[in-house]
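To start, the structure itself, in structure tokens.
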There are 2 protein chains.
Amino acid sequence: MDEKNQFKKILKLDKINLEIFNSFTRDGKINYSKIGREHGVSHVSIKNRYENLIKKNIIKPSILVNFSKLDFKLAILLLELDSEAYENVKAKYSNCPRILFSFNLIGEYNHLLVFFAENLETVETIFNSCMLYNLKGVRKSNILIFGSLSEDLFLPLNFNQLDQQNENTPCGTCCKFCKSFIKEQCIGCPASKYYKGPLKIT
Amino acid sequence: MDEKNQFKKILKLDKINLEIFNSFTRDGKINYSKIGREHGVSHVSIKNRYENLIKKNIIKPSILVNFSKLDFKLAILLLELDSEAYENVKAKYSNCPRILFSFNLIGEYNHLLVFFAENLETVETIFNSCMLYNLKGVRKSNILIFGSLSEDLFLPLNFNQLDQQNENTPCGTCCKFCKSFIKEQCIGCPASKYYKGPLKIT
DNA sequence: TATATCTTGTTACAATTTGTAACTTAATTA
DNA sequence: TAATTAAGTTACAAATTGTAACAAGATATA
């Protein structure tokens, strides 16, 4: 108790934990025995460290997808929402497969959504028909369109949200009745049966 | 060749690959044998699928860190850079451990940097002393400050950039001479020997 | 058309890793 | 002081993984 530190010790960064993270990022595997051997501890000890970090919700293993390789397009929607809308937006889009991140902001805009689409026409549809058209209580909005992505851009994609049996999208609409979808300007929602893009599950 | 599809088949999403991704996201492990057994193929086949996706740079396994749990603060810096600066910024900050993402934009701003810090004072220092002060050719800038983070926010953190032996930071400055660092308004760069925050390697 | 190559799969066996249980020690908390 | 939590140990059986050699089909290539 002799040292006053403003930071809680949540994540201990010693040689062993760093090696766990790095080995994982290198080849997507943790070889408990190998790491244990290299650091003079038992494989059970490495296993426990790793599993405890996950159990305590401090780290989460994940598969990142190369958005450049798939030629996906990204955009950010900035919103100023009134207090009611502010509460509703996160709920409404919490299962949207196109939203990568959703953040509260302080300042000019109070909400930020990062989303992707498979081509630029679909970005346009999502921005206009899917989102703004559906949202009540938007005082102001702005969009940031991303240019060419850097050579390799790895981002997390929620594959477990891709339920392509559904008539309606998770946000509660139906592509069948959407003008952009009918005119083939949009490939549809990847979490509905009408989707016809590269994330179609075969 | 009978079907004309605008999308290249890069990532095949069949039951097996989906199960690989989902099993990985669940517990950070891929049990080749188990998945193979459940889908009626050999464990070697699962191993090959997984390793080929990585080898071809389509997916990347990664450890995400719970930024909410660590109480990290996030911010976005929007920049309009002239053509020379535009080329230099990415290079300069390519190894910055605080930058989570760096994107080119089309429009009002042409560059976007997402960065994090361990407390708000440090966010301020990074924005002022570290970044804007160091950058030539900035025509316009804006900052988006993130409010409280959602309960669990998992983001990728580059642990292999945390080399804490260095006198100078990867962006080429030295915390020792920084006013904010001296006045203890900033905890320093996590990729230098002067760093004194929760990512200190013990 | 024939040939090469890439993709995706197979089997079988040895080597290695993992899971589990029971236990130890130290530090922290009530 | 006692209880709990954290971080580690050993040993053995069970299960997974790596490897090599091979096969079938699709796709390029000369």
Side-chain angles (χ1 to χ4, degrees), chain A residues 1-59 61 63 65-66 69-70 198 200-202, chain B residues 1-59 61 63 65-66 69-70 159 198-202:
Chain A
M1 256 9 134
D2 42 309
E3 210 183 312
K4 64 174 172 187
N5 193 325
Q6 61 177 309
F7 303 109
K8 287 174 262 170
K9 268 273 166 261
I10 309 274
L11 177 59
K12 181 174 143 203
L13 280 187
D14 61 1
K15 289 257 155 66
I16 294 182
N17 281 353
L18 269 182
E19 178 56 29
I20 289 175
F21 301 148
N22 286 333
S23 115
F24 197 89
T25 309
R26 257 196 313 276
D27 55 11
K29 300 233 127 151
I30 297 185
N31 187 327
Y32 301 143
S33 300
K34 182 158 169 266
I35 298 177
R37 212 159 41 228
E38 284 164 1
H39 289 84
V41 292
S42 68
H43 77 271
V44 184
S45 170
I46 305 294
K47 178 185 196 290
N48 288 337
R49 277 175 175 246
Y50 176 66
E51 289 181 347
N52 285 335
L53 285 170
I54 293 175
K55 198 159 57 192
K56 287 182 192 156
N57 231 16
I58 296 165
I59 63 168
I63 293 274
V65 174
N66 192 341
K69 207 102 183 179
L70 293 175
K200 187 84 190 173
I201 297 165
T202 54
Chain B
M1 269 345 152
D2 44 308
E3 211 183 312
K4 62 174 173 186
N5 194 324
Q6 61 177 310
F7 303 109
K8 287 173 261 168
K9 267 274 167 262
I10 308 274
L11 177 59
K12 181 175 144 202
L13 279 187
D14 62 1
K15 289 258 154 64
I16 295 181
N17 281 352
L18 270 181
E19 178 56 29
I20 289 174
F21 301 149
N22 286 332
S23 116
F24 195 89
T25 309
R26 261 195 308 277
D27 56 10
K29 300 235 129 149
I30 297 182
N31 188 326
Y32 301 143
S33 300
K34 183 158 169 265
I35 298 177
R37 214 158 40 227
E38 285 163 1
H39 290 83
V41 291
S42 68
H43 78 270
V44 184
S45 170
I46 305 295
K47 178 185 196 288
N48 288 339
R49 276 176 175 247
Y50 176 65
E51 289 181 347
N52 284 336
L53 285 169
I54 294 174
K55 198 159 57 191
K56 287 182 191 155
N57 230 16
I58 297 166
I59 63 169
I63 292 275
V65 174
N66 193 340
K69 205 103 184 180
L70 293 174
F159 288 106
L199 297 177
K200 187 85 189 174
I201 297 164
T202 54

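Throughout, a chain's letter reflects where its sequence line sits, starting with A, and its residues are numbered from 1.
The side chain of A/Lys56 lies closest to D/dA6, out of C/dT10, D/dT9, D/dA6.
A/Ile30 comes within contact range of the sugar-phosphate backbone alone, with a heavy-atom separation under 4.0 Å but no base atom that close. Within the 4.0 angstrom heavy-atom criterion, only backbone atoms of the sugar-phosphate kind lie near A/Asn31; the bases stay farther away. Base contact: A/Val44 has a heavy atom under 4.0 Å from a base atom.
Per the geometry, CD1 belonging to B/Ile10 stands 15 Å off C1' belonging to C/dT7, to the nearest Å. Between the CD1 atom of B/Ile16 and the C1' atom of C/dT7 there is a distance of 14 Å, rounded to whole Å. Rounded to whole angstrom, the span from the CG atom of A/Asn52 across to the P atom of D/dT5 amounts to 13 Å. When the C1' atom of D/dT10 is taken as reference, atom NZ of A/Lys47 falls 16 Å away, rounded to whole Å. Atom-to-atom, NE2 of B/His43 to C1' of D/dG18 comes out at 7 Å; the value is rounded to the nearest Å. Per the geometry, CD1 belonging to A/Ile35 stands 17 Å off C1' belonging to D/dA7, to the nearest Å. At whole-Å resolution of the value, CD1 in B/Ile46 and P in D/dG18 are 14 Å apart. As rounded to whole Å, 11 Å separates atom P of C/dT20 from atom OH of A/Tyr32.
In this structure, B/Ile46 CD1 and B/Asn31 CG are separated by 10.0 Å, a value rounded to the nearest 0.5 Å.
Residue A/Gly40 is the one, among A/Lys29 and A/Gly40, whose nearest nucleotide of DNA chain D lies closer to the 5' end (criterion: closest heavy atom). Where B/Lys34 and A/Asn48 meet DNA chain D, the nucleotide closest to each residue was compared, and A/Asn48 sits on the side nearer the 5' end.
An OP1 or OP2 oxygen of D/dG8 is reached within less than 4.0 angstrom by no side-chain nitrogen or oxygen of A/Ser42. Phosphate contact (OP1/OP2 of D/dA15, side-chain N/O of B/Arg37, threshold under 4.0 Å): absent. Remark: B/Arg49 is in phosphate contact with C/dG9, judged by side-chain N or O atoms under 4.0 Å from OP1 or OP2.
Of the residues A/Arg26, A/Arg49, A/Lys34, the one that meets the salt bridge (Lys or Arg N to Asp or Glu O under 4.0 Å) test with A/Glu19 is A/Arg26. Checking A/Ile20, A/Leu13, A/Thr25, A/Asn17 one by one against B/Phe159, the side-chain contact (heavy atoms from CB on, under 4.5 Å) holds for a single residue, A/Leu13.
One N or O on the side chain of A/Lys69 and one on the backbone of B/Lys56 form a donor-acceptor pair closer than 3.5 Å. Looking at B/Ser42, its side chain never comes within 3.5 Å of a backbone N or O of B/Gly36 through a donor-acceptor pair.
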